[in-house]
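Read through the structure below, which is laid out as structure tokens, and then see the notes.
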2 protein chains.
Amino acid sequence: MNNPSPLDITLTDRKDGVTITEWVYEVLRNAVMSGQILPGRSLTIRELAAVLNVSSMPIREALKKLGTERALEVRENRRIMVPKMTAMKFNELCDTRIALESHAAVRALPYMTDTLLEELQTLDLAIDHARAMKNAEATIQSNQAFHRRLYSANPHQVSLPLIESLWLQLGPFLRLANSQLEEHYIVDRHQEALLAIKNKDTLALQLAIAADIREGIAFAGTPELLHQFIEASSNS
Amino acid sequence: MNNPSPLDITLTDRKDGVTITEWVYEVLRNAVMSGQILPGRSLTIRELAAVLNVSSMPIREALKKLGTERALEVRENRRIMVPKMTAMKFNELCDTRIALESHAAVRALPYMTDTLLEELQTLDLAIDHARAMKNAEATIQSNQAFHRRLYSANPHQVSLPLIESLWLQLGPFLRLANSQLEEHYIVDRHQEALLAIKNKDTLALQLAIAADIREGIAFAGTPELLHQFIEASSNS
DNA sequence: CAACCTCTTTTGTGATCACAAAAGAAATTT
DNA sequence: AAATTTCTTTTGTGATCACAAAAGAGGTTG
């Protein structure tokens, strides 16, 4: 591997009780999600082990998990990388998100309580705050926290790991989109979702989630931006 | 770990070019899918390494992948096992399958060709044959092959790994259900799906897939059978 | 008999190593 | 200068090992 661009990955402190493998997974997951690793940039186990100052074992296990989640791909020539995005794949990811997340929201609806509603309101305020601060990363993370909390209201929910995988695959791209585009006016679909939940209105909830996802992604999915993103990843 | 029930896992030949880790993954994945490992039965890395006659490394990587796919779970006390099934989880898995697979079918529809239609016809005949032979495992596998081929008609399909994870989670239960229940009359929803495809009828395709899944699972999801299955797994 | 304690064994985890294959660099040929 | 060959380095893979923590077994006490 010849002169790869340097890896600038945010390292966090490892808490007690957290294994090295779990920590490595979280660090790398965050690096992928926040676009710190450019798509197409080859990764090696030894390089990551050096950057994170651990042996190859935790790296290998974390990579296996991230590979299974489709955050990383291993090519037939054994190159490990964050996959490049294509317009068609982007569309599929978005539409699959809409299908899966509106389903997950509906499956969570019977379990909603007033306490949970308030919790979601608080999470929605955090999104507004991050957006006002023009903090792209916090916006994405708090938006995901809102959705995660909503869907996990159903204790038997099986959709969440699937949804997390889709988020992971979209993460790098959305991170770039959020950090480079001007603020634009959006309808607050979360408030619509919360109203639908309060009214126990299944159809309105589905429509609000679908619109939220569609609109959250629409400005990020323009051909111009997509082209710019792919160009950026081609320079690695 | 005290006197676990013996592991009776089908071993296959490893082909050239297939790494030990990939082979181990396939063997264990099949063992889970076909119910060879009872839910709740604790597994250890060393035991599996002995049964499969490999070192712990490929076992660990395969387990990490199967864990990510939710085929196995690692408890906080580090027990590795096939998760036990509950009625609520079963319902969630089924309904999520319906949401995701009908979506995947519709996303594949624009890519269907006459050649693919013929291929699907052939795969449907294989299901009929397996069913006539009362071969439960072949029935499940050929049914999955049909669905897999249908959805993968879309080269940009992102749903397939998600769907495979749901199949894996349902696998042990469906395997038991298929092997223990009497043959019963079912409407051939695959033929309805193929007709919808030929007519490029999106709604009919959705309805056929949803009905296929619902009916394929309905007889397996009776409270009596679920109880029997959970009892069987409690004896391990 | 149940609860608790102590000792022993097992286990997952992380580190390290060796090796074959792949990738990269250098040299040679066209 | 481009293509090909050869040599060197890097890399993923699988095996092995050590260790702390967890689990299991056995003994003691109430």
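Numbers restart at 1 for each chain; the letters A, B, ... are given by sequence-line order, proteins then strands. What you see is a predicted model; the values in this text were computed from it and never measured.
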| said: When you compare the side chains of B/H156 and A/T86, does any donor N or O come within less than 3.5 Å of an acceptor on the partner? | reply: no

For [X] and [N], what is the distance between atoms [atom1] and [atom2] respectively, to the nearest whole Å?
X     : N      : atom1 : atom2 : value
A/I59 : C/dT16 : CD1   : C1'   : 15 Å
A/I20 : D/dA20 : CD1   : C1'   : 12 Å
B/N53 : D/dG14 : CG    : C1'   : 13 Å
B/E47 : C/dT10 : CD    : C1'   : 12 Å
A/D16 : D/dA21 : CG    : P     : 11 Å
B/L72 : C/dG12 : CG    : C1'   : 15 Å
A/R46 : C/dA22 : CZ    : P     : 16 Å
B/M57 : D/dG12 : CE    : P     : 12 Å

| request: Pick out which of B/L66, B/L28, B/I37, B/L168 makes a side chain to side chain contact (heavy atoms under 4.5 Å, CB included) with B/L72. | output: B/L66

| query | Has the side chain of B/R60 got a donor or acceptor that lies under 3.5 Å from a partner of the other kind on the base of C/dG14? | reply | yes

| message | By nearest heavy atom, map A/P58 and B/I45 onto DNA chain C; which one lands nearer the 5' end? | response | B/I45

| query | Any side-chain N or O of A/T21 under 4.0 Å from OP1/OP2 of C/dG14? | reply | yes

| Does a side-chain N or O from A/S55 land closer than 4.0 Å to OP1 or OP2 of C/dA15, or not? | yes

| field | Reference residue A/E164; test salt bridge (charged side-chain N to carboxylate O under 4.0 Å, His left out); the match among A/K65, A/R97, A/R29 | value | A/R29

| message | Given C/dA15, C/dT13, D/dT13, identify the nucleotide with an atom nearest to the side chain of A/T19. | response | C/dT13

| request: Quickly, which of A/H147, A/E101, A/E69 forms a side chain to side chain donor-acceptor pair (under 3.5 Å) with A/W167? Name it, please. | output: A/E101

